[in-house]
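Here's the structure, in structure tokens; my notes come after.
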Amino acid sequence: MSDGNETPETKLTQTKRRWAEQGKFLTGRIARPDSVRLPPGQHLVKNWPVLDLGQQPVIRPQSWRLDIRGEVENAISLDWHAFHALPQSDKVTDIHCVTTWSRYDNRWQGVSTYDLLDLVMPNPSATHVLLSSYDGYTTNLPLSDFAATDALLATHWEGEPLTVEHGGPVRVVVPHLYFWKSAKWVNRIEFLGGDKAGYWERNGYHMRGDPWTEERYSGD
Ligand SMILES: Nc1nc2c(c(=O)[nH]1)N[C@H]1C(S)=C(S)[C@@H](COP(=O)(O)O)O[C@H]1N2
Ligand SMILES: [Mo]
């Protein structure tokens, strides 16, 4: 469309175009076959189990912070207000937990990881992210997985604010990986120039965690 009415190319659109050209952040490595929705070794549940290290921190929105740092152009600390001023997205995704339960059609609202990336602008050197949470939990992800189009920082589930037990006020959801990668009570995202094991990854879980190829444990 070159009718003279194009929006001017900003730094952001430039970056997006560069990402697209480089195929950056495309999650082409997911092994999910189109015809199969339930990954191997999983069974469906209708309830939503709670799994964590046993500490469920209660964070009031006024004191909640999200620090984004590391290999980014714009390191930032977002408070509740700044977080809600970002574009809000709606996604419906499945959950696949390494303990073999899966749950279909979870409706989330929050900020897509793509919109966060637009804000902080990862440096070309950034290859992975390490998520940290208010309970001391950490988990690592390749940047391309974190940037998946259906990944988000969720504040709502099925139209209601996320409960504390499920990671409220804000949790990460990266639906195409096992659910241990989806940090509850998130408060830090660190962009790294290499991979660094998080809590479960140091304890034998897989560094990536693709349910379609059953990347459950580090020997898989
Ligand atoms: N902060 C934090 N996030 C976490 C965990 C945790 O212990 N602490 N457990 C992980 C694991 S192992 C799973 S299976 C999911 C469970 O999320 P749910 O309790 O909402 O089902 O959260 C993941 N995120
Ligand atoms: Mo888990």
Side-chain angles (χ1 to χ4, degrees), residues 38-61 63-68 78 80 83 91-111 113 116 128-142 145-146 148 150-190 196-220:
L38 191 66
Q42 297 293 111
H43 69 276
L44 269 183
V45 300
K46 295 269 186 232
N47 61 326
W48 185 9
V50 173
L51 288 101
D52 51 54
L53 301 176
Q55 304 242 11
Q56 298 184 341
V58 178
I59 315 298
R60 286 171 309 133
S63 51
W64 180 85
R65 291 290 182 284
L66 177 63
D67 293 325
I68 308 183
L78 296 168
W80 192 246
F83 184 76
K91 319 249 178 197
V92 177
T93 78
D94 298 344
I95 295 173
H96 306 296
C97 176
V98 72
T99 61
T100 77
W101 60 269
S102 292
R103 190 178 190 286
Y104 287 166
D105 293 327
N106 298 273
R107 189 160 61 86
W108 312 98
Q109 278 166 262
V111 174
T113 56
L116 264 192
H128 291 79
V129 297
L130 185 68
L131 310 176
S132 306
S133 301
Y134 279 100
D135 62 339
Y137 186 78
T138 54
T139 189
N140 54 303
L141 301 160
D145 287 314
F146 181 73
D150 57 358
L152 79 164
L153 273 70
T155 53
H156 289 73
W157 178 80
E158 301 299 331
E160 299 289 335
L162 261 183
T163 58
V164 168
E165 60 178 5
H166 286 301
V170 183
R171 81 172 298 160
V172 175
V173 177
V174 180
H176 69 283
L177 297 180
Y178 284 125
F179 210 34
W180 88 77
K181 298 290 185 181
S182 293
K184 307 200 276 191
W185 314 295
V186 66
N187 90 313
R188 190 165 80 206
I189 303 173
E190 193 175 356
K196 182 176 172 186
Y199 178 83
W200 282 119
E201 293 82 7
R202 285 196 303 276
N203 285 280
Y205 281 33
H206 200 278
M207 290 294 266
R208 174 140 188 270
D210 177 356
W212 307 98
T213 51
E214 293 198 74
E215 291 173 341
R216 297 174 188 275
Y217 308 107
S218 55
D220 293 344

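FYI, side chains are in, hydrogens and waters are out, and symmetry mates aren't considered; it's all heavy atoms of this structure. Bear in mind that the values here come from a model prediction, so they are computed numbers and not experimental data. Ligands are counted one by one from 1 in listed order, and the atoms in each one are counted from 1 as well.
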Thr163 side chain reached by Trp157 side chain, heavy atoms, under 4.5 Å: no
Residue, atom name and distance, where the atom is the protein heavy atom closest to atom 10 (C) of ligand 1: Tyr137 OH, 3.6 Å
Backbone of Val164 reached by a side-chain donor or acceptor of Lys184 within 3.5 Å: no
For atom 11 (C) of ligand 1, the protein heavy atom that lies nearest, with its residue and separation: Trp180 CA, 3.7 Å
Nearest-contact summary for atom 8 (N) of ligand 1 - protein heavy atom, Å: Asp135 OD2, 2.7 Å
Whether over 12 other heavy atoms sit under 6.0 Å from Lys196 NZ: no
Polar proximity ligand 1 side, Ser133 side, N/O cut 3.5 Å exclusive: yes
Sidechain-backbone polar pair: Ser182 side chain, Val174 backbone, donor-acceptor under 3.5 Å: yes
Atoms in ligand 1 with a heavy atom of Trp185 nearer than 4.0 Å: 1 (N), 2 (C), 8 (N)
Protein heavy-atom partner closest to atom 3 (N) of ligand 1 - residue, atom, separation in Å: Lys184 N, 2.9 Å
Distance from atom 21 (O) of ligand 1 to nearest protein heavy atom, with residue and atom: Pro49 O, 2.7 Å
Side chain Asp145, main chain Leu141, donor-acceptor under 3.5 Å: no
N/O separation below 3.5 Å, His166 to ligand 1: yes
Protein contact to atom 24 (N) of ligand 1 [nearest heavy atom, distance to 0.1 Å]: Ser182 O, 3.0 Å
Side chain, backbone, both or neither: Trp48 near ligand 1, heavy atoms under 4.0 Å: side chain
Distance-only donor-acceptor check, side chains Trp180 and Glu201, under 3.5 Å: yes
His166 backbone acceptor or donor facing Arg171 side chain under 3.5 Å: yes
Contacting atoms of ligand 1, where contact means under 4.0 angstrom from a heavy atom of Val50: 19 (O)
Arg171 near ligand 1 by a heavy-atom separation under 4.0 Å: yes
CD (Gln55) with more than 12 external heavy atoms under 6.0 Å: no
Closest approach of any protein heavy atom to atom 9 (N) of ligand 1, naming residue and atom: Leu51 O, 3.5 Å
Those atoms of ligand 1 less than 4.0 Å from some heavy atom in Trp200: 12 (S)
Candidate pair Asp52 and Tyr137, rule side-chain contact (heavy atoms from CB on, under 4.5 Å), full reasoning: CA-CA 9 Å; Asp52 51 54; Tyr137 186 78; over 6 Å; no
Ligand-side contact atoms (ligand 1) for residue partner Ala183, heavy atom cut-off under 4.0 Å: 3 (N), 24 (N)
Tyr134 touching ligand 1 at heavy-atom level, < 4.0 angstrom: no
Test item: Tyr205 and Tyr178 side chains (from C-beta on) under 4.5 Å apart, heavy atoms: no
Closest protein heavy atom to atom 14 (S) of ligand 1, given as residue, atom name and distance to 0.1 Å: Cys97 SG, 3.4 Å
Numbered atoms and elements of ligand 1 in range of Asp52, under 4.0 angstrom, heavy atoms: 6 (C), 7 (O), 9 (N)
Short side-chain to backbone donor-acceptor contact, Thr138 and Tyr199, under 3.5 Å: yes
